Amino acid sequence: MNALIIAIDGPSASGKGTIARRLAAHFDFAHLDTGLLYRAVGLAVLKSGGDPSNTADATQAARALSPKSLNAEDPGLREDSTAQAASKVAAIPEVRRALLQFQKDFAAHPPGDKKGAVLDGRDIGTVIAPGAKVKIYITASKEARIQRRFKELQERGGNVTYAAVLRDMQARDARDAKRVVAPAKPAPDAVILDTTEMTAEESYAAALKIASEVLAAD
Ligand code: C5P
């Protein structure tokens with residue numbers, strides 16, 4: 001039987017990660033945060049003193065990565081410097097190629113014998129799982145996303161300014177949208193969910209409604 005795949009894409013601070021995790025828990029599906037793979041590659045390059053924009057440095061780190069043994073709890077993965085490095089390595093075709101099969105396999109054969117998988121990222125509906133049953137592109141206005149990220153970083157107790165969040169998010173969004181391979185964009189058949197005016201709870205409820213309707217129609 002083909003696995004049921006829920007593809008969640010969207011820009012940074014759109015809320016897609018939380019929504020994807022909650023959908024996976026609701027449907028008892030496996031969940032893969034694909035951003036973590038790029039973050040892990042970016043962090044590995046930074047740790048080794050390399051340059052995330054350098055093809056050789058980034059490709060070597062991507063090929064050395066063992067996605068199955070990735071420690072998602074490593075706080076270094078959540079740093080903003082890591083996010084910036086992630087979007088630099090993510091623009092390199094060899095890096096994307098090195099991470100492709102693991103993601104496709106996860107979607108096609110969800111671990112733990114689950115009957116489905118939720119993957120979230122930037123290219124799930126377009127490249128990783130173009131045949132996904134459910135595709136949702138979660139977005140929000142740039143102002144709302146900056147506000148959310150700013151609040152999140154403040155709550156974490158970081159020394160952060162609104163101007164720095166704005167600058168970093170703009171740089172990352174631009175890099176993700178303009179890259180030649182797998183640019184971040186909605187699949188033509190994705191449902192667009194704009195959460196600008198929604199709370200986190202409302203956004204999740206809206207995504208759950210979309211996914212439930214599509215899965216029930218099967
Ligand atoms: O989603 P998250 O913010 O953790 O992703 C970090 C970076 O990884 C993104 O800015 C993007 O450049 C890259 N990414 C990607 N494709 C994905 C997931 C993330 O290019 N499927």
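Just follow the structure's listing: the first ligand is 1, and inside any ligand the first atom is 1. Remember, it's a predicted structure, so these values are computed and weren't measured experimentally. Counting from 1, the numbers follow the sequence of the chain as shown. All heavy atoms count here, side chains included; hydrogens, waters and symmetry mates do not.
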Practice task
Report all protein residues having a heavy-atom distance below 4.0 Å to some atom of ligand 1; order the list by chain, then number.
Solution key: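 Close residues (ligand 1, cut-off 4.0 Å): K16, T34, G35, Y38, R39, A86, S87, A90, R96, G121, R122, D123, R172, D176, R179.
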Practice task
Ignoring hydrogens and angles, state whether a donor on the side chain of T195 or R148 is under 3.5 Å from an acceptor on the partner side chain.
Solution key: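 Distance-only check passes for T195 and R148.
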Exercise for the section: Could you pull out all residues at least two apart from R22 that satisfy salt bridge (charged side-chain N to carboxylate O under 4.0 Å, His left out)? Expected result: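 Applying salt bridge (charged side-chain N to carboxylate O under 4.0 Å, His left out) to R22 gives E201.
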Practice task
For D189, look at atom CG and say whether over 12 heavy atoms of other residues, nucleotides or ligands are found less than 6.0 Å away.
Solution key: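 Correct, the count exceeds 12.
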Any Lys/Arg nitrogen of [X] or [Y] sitting under 4.0 Å from an Asp/Glu carboxylate oxygen of the other?
X: E152; Y: R149; result: yes
X: K16; Y: D9; result: no
X: K142; Y: D173; result: no

